[in-house]
Number of protein chains: 2
Amino acid sequence: MKTPSSYFLSDHTIPLNDYFVFGLSIDCVVFGYHEGEIKVLLVQRDVEPFNGHWALIGDLVEPDKNLEEAANNVLENLTGLKNIYMKQFFTFGSVDRHPLGRVVTVAYFSLVNSMNYQPIASSWAKSAEWININNLPELAFDHYTILCKGIETLKNEVRHKPTGFELLPKKFTLLELQLLYEALLGYKFDKSNFRKKIQEMNILRPLNEFKLNVSHRPAKLFEFDEKRYRTLEKEGFSFEL
Amino acid sequence: MKTPSSYFLSDHTIPLNDYFVFGLSIDCVVFGYHEGEIKVLLVQRDVEPFNGHWALIGDLVEPDKNLEEAANNVLENLTGLKNIYMKQFFTFGSVDRHPLGRVVTVAYFSLVNSMNYQPIASSWAKSAEWININNLPELAFDHYTILCKGIETLKNEVRHKPTGFELLPKKFTLLELQLLYEALLGYKFDKSNFRKKIQEMNILRPLNEFKLNVSHRPAKLFEFDEKRYRTLEKEGFSFEL
DNA sequence: ATTATTAGTGTTTCATATGCAATATAAGAT
DNA sequence: ATCTTATATTGCATATGAAACACTAATAAT
């Protein structure tokens, strides 16, 4: 039993293991981008409660696992993907958020740039699917609230930080980048102005590679130069789109 | 006992109340602003562990309390202040962050505009003091990490949202506002341009009141017009300084 | 060769931001 | 009365950035 006992953090006199005890879980909002649409990875539950409902991927945290480890495991178990961009964005702990007891959940969002893999259905999920965020089904627990907050956080973050690149493959064209941002922010950019602006930031590394097998002038490929960004950031530069 | 039992969230087969059990606490980074300096409210612990160390204010969450309630209580118990701006910013849950067991803490920051009250020393704290964030003592637990993240979050937030007003009294002068933002962001503004810019945003309500008993022209007082801000925000306006 | 198509580059206009200077104003202090 | 101090407003020259739009480039298909 790893629970702290006889634990007097403040002026409470009740031992923690009899009373101050919570379940802790991780829920992940996994975003993907494909053909101009922002999608989220949902699973259909195959167990009670909320059997049959769609839900975010998530799991209980084991007492000897850090939160980030637990979050990475959640993602890896379902998708097989490692080293994915993840970010904690909020903790949901309403007393009644879980029908079976007090379970507090720490929510992460992650951005994956390749949707070319088979989400692994687990023993508690019928299926896993990428679903457009503008066409969501009814969700289990308070997952709709969590998802909305995740979308809000993402939209907010991509405006001020170069997070959006995580949704693209490592090598991308400027037009792909523009279309991504148009999908994220919900409005159009002028092509030449967008290109000028993003290139003048000096955070993209132009490659000597081009899109192949297209029936028009091939587009140049770029990479996001994270090191460069970190340096510029320290010098006071701030990303804005 | 409110702990969920025989609780099969995923494919785990271990009952939650024997194993998946955590302590949950709230920690509050309370910011104040006084004479050009950003300060934070710290207490000196009078109990083990970390007896004598300075720490953030915080407490265990009771199983029937929502997180926001618990956070409000933490603040109210120490300062007597109610209806204070509070915002959850991160949850810290490293396995070894607490020497007595696994305790996950949800961190909030709050902004208080009046430091003219006596922080109430509790049974577990020797004293409570406002301390300049550039002159911090050694802190208990991982509170230094929490505090740093709180400062970072605050500095990030005040640039894009009119949160800073919460640190000023309800009625303030434009110069006070400017000095606050200079302290928060770490650089100077041109006076006339700052005033022009902030007034053109239309989120300040000018009052017919003035600073009294000053040996120079008295400054006009303003209020932050939150309703107006909310409307403008819906119309697409976004605060930037 | 011609065409369709998308990549990619200038260029012009207009609005706004910024830095700096100048001036008028209102109070207490001398 | 005059000085000092800090508020408050205006003006302007310049730098920066946004918006619109026209143009050239390179490839595959015909």
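All chains are named by letter (A, B, ...) in the order of the sequence lines, taking the proteins before the strands, and each is independently numbered beginning at 1.
The neighbour count for A:E240 CD, taken as heavy atoms of other residues, nucleotides or ligands under 6.0 Å away, is above 12.
The interatomic distance linking A:F194 (CZ) with D:dA18 (P) rounds to 12 Å, in whole Å. Regarding B:F189, its CZ atom lies at a distance of 18 Å from the P atom of D:dA8, rounded to whole Å. Distance CG (B:L212) to P (C:dA27): 10 Å, rounded to an integer number of Å. Distance, A:E240 CD to D:dT16 C1': 15 Å, rounded to whole Å. Here the C1' atom of nucleotide C:dA7 and the CZ atom of A:F222 are 11 Å apart, to the nearest Å. In this entry the distance linking CD of A:E200 with P of D:dG17 reads 8 Å, nearest Å. Rounded to an integer number of Å, the gap from NZ of B:K220 to C1' of C:dT25 is 13 Å. In this structure, B:K211 places its NZ atom 24 Å from P of C:dT25, rounding to the nearest Å.
Listed by chain and residue number, nothing satisfies the salt bridge (Lys or Arg N to Asp or Glu O under 4.0 Å) test with A:K149 (two or more places apart in sequence, or in another chain). Not counting sequence neighbours, the partners of A:F194 by the ring-ring contact (aromatic ring centres under 6.0 Å, His included) test are A:F189. Residues that satisfy the side-chain contact (heavy atoms from CB on, under 4.5 Å) test with A:N72, not counting sequence neighbours, are A:M86. Every residue two or more places apart in sequence or in another chain was checked for a salt bridge (Lys or Arg N to Asp or Glu O under 4.0 Å) with B:E69, and none qualifies.
The aromatic rings of A:Y229 and A:F224 sit tilted relative to each other, their planes meeting at an angle between 30° and 60°. Using cut-offs of 30° and 60° for the angle between ring planes, the A:H143 and A:F141 rings count as tilted.
Non-hydrogen atoms lying under 4.0 Å from DNA chain C are contributed by A:L175, all within residues 163-182 of chain A.
At least one side-chain nitrogen or oxygen of B:K197 sits closer than 4.0 Å to the OP1 or OP2 atom of C:dT18.
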| field | Reading 5' to 3' through nucleotides 19-30 of chain D, protein heavy-atom contacts under 4.0 Å coded B for base, S for sugar-phosphate only, - for none | value | BBB---BBBS--

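A ring-ring contact (aromatic ring centres under 6.0 Å, His included) with A:F172 holds for exactly one of A:Y181, A:F222, A:Y33, A:F165; it is A:F165.
Ion pairing between a basic and an acidic side chain is recognised when a charged N comes within 4.0 Å of a carboxylate O; B:E166 and B:K87 show no such pairing.
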